[in-house]
> 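What follows is a structure written as structure tokens; I'll ask about it next.
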Protein chains: 2
Amino acid sequence: MIERTHLAIIQQVSLRGTLTEAAISLHLTQSALSHAIKKLESQLNVKIWSKEGRVLRLTQAGESMLSLANRILPQLEHTEVLMKQIAAGQKGTLRIGMECHPCYQWLLTVVAPYLELWSDVDVDVKQKFQFGGIGALFNHDIDALVTPDPLFKRGLIFEPVFDYELVLVVNADHQLAQQDYVTPEDLSNVTLITYPIEIERLDIFSKFMLPAQSSPYKHKTIETIETTDIMLQMVASNRGVSALPAWLVEQYTNALPIKAIRLGKKGIHKQIFIGLREQESEIEYVKSFVALAKQA
Amino acid sequence: MIERTHLAIIQQVSLRGTLTEAAISLHLTQSALSHAIKKLESQLNVKIWSKEGRVLRLTQAGESMLSLANRILPQLEHTEVLMKQIAAGQKGTLRIGMECHPCYQWLLTVVAPYLELWSDVDVDVKQKFQFGGIGALFNHDIDALVTPDPLFKRGLIFEPVFDYELVLVVNADHQLAQQDYVTPEDLSNVTLITYPIEIERLDIFSKFMLPAQSSPYKHKTIETIETTDIMLQMVASNRGVSALPAWLVEQYTNALPIKAIRLGKKGIHKQIFIGLREQESEIEYVKSFVALAKQA
DNA sequence: ACAACCTATGAATGTAATTCATAAAACAAT
DNA sequence: ATTGTTTTATGAATTACATTCATAGGTTGT
């Protein structure tokens, strides 16, 4: 029988490297872990790791168990947190996943009133997912996903929450600043500043440059995630141009010497969705979040 | 600490209704379960169920734990099976999910040589998924998904394995049998026989009738899943018409008085994909399955 | 009211996890 | 090579915990 402790041991050993350290982090003795694993091995009749010198290398079987541990343990831990919250009279935690960088600013405007309204609900925002936002939703790593790419599949529900236009931000004195709109070719001799994510997920590339087989003179990424401000500062000081939601740029046009220009004749129009697990979509404090998001 | 036994108890109780029956199925006494749950409740400081008369009704907290149990226990059980297989010198099990009914016949032609080639790999085919095929793949309920709807997301890989044309099957003496192709309107006075799945997932509706805002005179579904034969028998005896892959119909045109007709001038062309988890896509016996599928 | 079900619970029991105290092996430095 | 340090492995003792037993206390239906 694979028990929770076995998985915890395997996880900690692969994390810390040695049985001894794993034992410390689990508040047990090295001997306990050694015995526990030995027993499991003889029950299942497989070796979990082999000793190469003094390092423990996971076997095929061990890898399977580690993968199981990484999938299961977070869920157990989260349920325990949930129980604590229920015990404390709270509703629970709404874990929001973000797959849309500029949305961060927008999300803040939704979360603030939400926290007011639901004082007994915690909010937790996550931005990194091993298997993408959809995977995180299926795995119960998050409860709601803010994304521009909905996925209408059984078990999941996606609701559109807001529309915006993606625009090019340039310095007010930039050569392009006078134009009504820019073409993909216009960008071939500028430095483009973006969030540090894959090119396929950057709309300015996937929906504008790539279809026209154009590419910018130079591509710079900003390392930190929350700092849309920094990107705009860079644009303001003429280090390059960037692509951001129109509503976001508007907030800065008074403070900084920047200008928003339409991308292409018709502009690039985007929609943001919130994805939920169908089961949970009727829970009051979940529904309320989506409702607030639609208003914002 | 939520342990595996706790989850097993909660699952069995919600399945069988009473503690006593759950105890029997777990080879324990009723007393053991009562004590175990009592302890958990006092540790977490939440009630798991409340007694309404003699039935146990899960509380909010209990529901969370049940959901956790249903997600986690199958994964533990599967890993144990895997361990047994590894212990026995086997490679493991390839659990194939199917989201494409007519593909069943085709899959058989792939599985047969695969079993020959990989005598130390078991194959398991599943067709029902609580959260859809994609969900099953993310949840590790299956290892490969046969589907017409690929989903290019991080963590998953989809490979096209074969193309086919969807055709209308009619009785050889049917009024439509003489036509080179049929229009959506042609179908408005026939009985259409399909697999028992949602209309949105039936291509004959979603790609042919619905865009033309047409609908059949009558819509009949066949209850059992594997029986494409039955559907063709129905067509052969003039009880209605159906939509199936061309290659499948061809196999029966000699034996039965049926005829395949193109749907629309250009026909409906479909592609079938196999989806895998990225992590596992490099495992030899998994790769080999996709390779064989491409050949078939 | 009684039989036939349930669940709850305290005390006794038995089992299994954990520690303790070493041994044995691997590595680094002298 | 030798020594000191750091690791895992293991048998025996100990402790903690799960489980059972025996029984009381509910609920339901006849």
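Below, read A as the first sequence line, B as the second, and so on, with proteins coming before strands; counting in each chain starts at 1.
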> Return no unless some side-chain N or O of A:K38 is found under 4.0 Å from OP1 or OP2 of D:dA9.
no
> Want to settle it: does B:S31 or A:H6 sit nearer the 5' end of DNA chain C, counting the closest nucleotide to each?
B:S31
> Rounded to the Å, how far apart are A:R16 CZ and D:dT6 P?
18 Å
> Measure from the side chain of A:K39, starting at C-beta and using heavy atoms only, and say which of D:dA18, C:dT7, C:dA17 lies closest.
C:dA17
> So does A:T29 get a side-chain nitrogen or oxygen closer than 4.0 Å to the phosphate oxygens (OP1/OP2) of C:dT19?
yes
> Which is true for B:T18 with a 4.0 Å heavy-atom rule: it touches a base, it touches only sugar-phosphate, or it touches nothing?
sugar-phosphate
> Just the rounded figure in Å: distance from P of C:dT22 to CD of A:Q30.
16 Å
> Search all heavy atoms of A:N45 against all heavy atoms of B:A87 and return the closest pair with its distance.
O-CB, 3.5 Å
> If you compare every side-chain N and O of B:K51 against the phosphate oxygens of D:dT27 (OP1, OP2), does one of them come in below 4.0 Å?
no
> Report the relative orientation of the aromatic rings in A:Y195 and A:H101; use parallel for angles under 30°, tilted for 30 to 60°, perpendicular for over 60°.
parallel
> Write down the distance between CD (A:Q43) and C1' (C:dT15), rounded to a whole number of angstrom.
13 Å
> Whole angstrom is fine here: how far is it from NZ in A:K47 over to P in D:dT8?
14 Å
> Before giving the answer on salt bridge (Lys or Arg N to Asp or Glu O under 4.0 Å), spell out for B:D120 and B:K91 the whole-Å C-alpha distance, their side-chain angles and the decisive distance to 0.1 Å.
CA-CA 6 Å; B:D120 48 3; B:K91 287 274 163 38; 3.6 Å; yes
> Within a strict 4.5 Å, meaning less than it, do heavy atoms of the B:H6 and B:K39 side chains meet?
no
> Note the angle between the end axes of the helix from C:dA1-D:dT30 to C:dT30-D:dA1, five pairs defining each, rounded to 10 degrees.
30°
> Look at the side chain of A:R54 and the base of D:dT6, then say whether one donor and one acceptor between them are separated by less than 3.5 Å.
yes
> Side chains of B:L156 and B:I134, heavy atoms from C-beta outward: is any pair under 4.5 Å?
yes
> Find the distance B:R57:CZ to C:dT7:P and express it as a whole number of Å.
16 Å
> Can you measure A:R4 atom CZ to C:dA16 atom P for me and round it to whole angstrom units?
21 Å
> Ignoring backbone atoms, test whether B:T20 places a side-chain nitrogen or oxygen under 4.0 Å from the OP1 or OP2 oxygen of C:dT7.
yes
> Return the 5'-most residue of the pair B:G17, A:E52 with respect to DNA chain C, ranking by each residue's nearest nucleotide.
B:G17
> Measure the shortest side-chain to side-chain distance between A:I86 and B:L44 over non-hydrogen atoms and say whether it is less than 4.5 angstrom.
no
> Can you classify the ring geometry of B:F289 versus B:Y114 as parallel (below 30°), tilted (30 to 60°) or perpendicular (above 60°)?
perpendicular
> With a 6.0 Å cut-off (strictly less than), is the heavy-atom count around CD of A:Q43, excluding the residue itself, greater than 12?
yes
> Nearest-Å distance, CG (B:L26) to C1' (D:dT20)?
16 Å
> When the distance from CG of B:L28 to P of C:dT7 is rounded to whole Å, what number comes out?
14 Å
> Verify the contact: side-chain N or O of A:S34 to OP1 or OP2 of D:dA9, cut-off strictly under 4.0 Å; return yes or no.
yes
> Between B:H35 and C:dT9, do the rings stack, that is, sit under 5.5 Å apart with planes less than 30° off each other?
yes
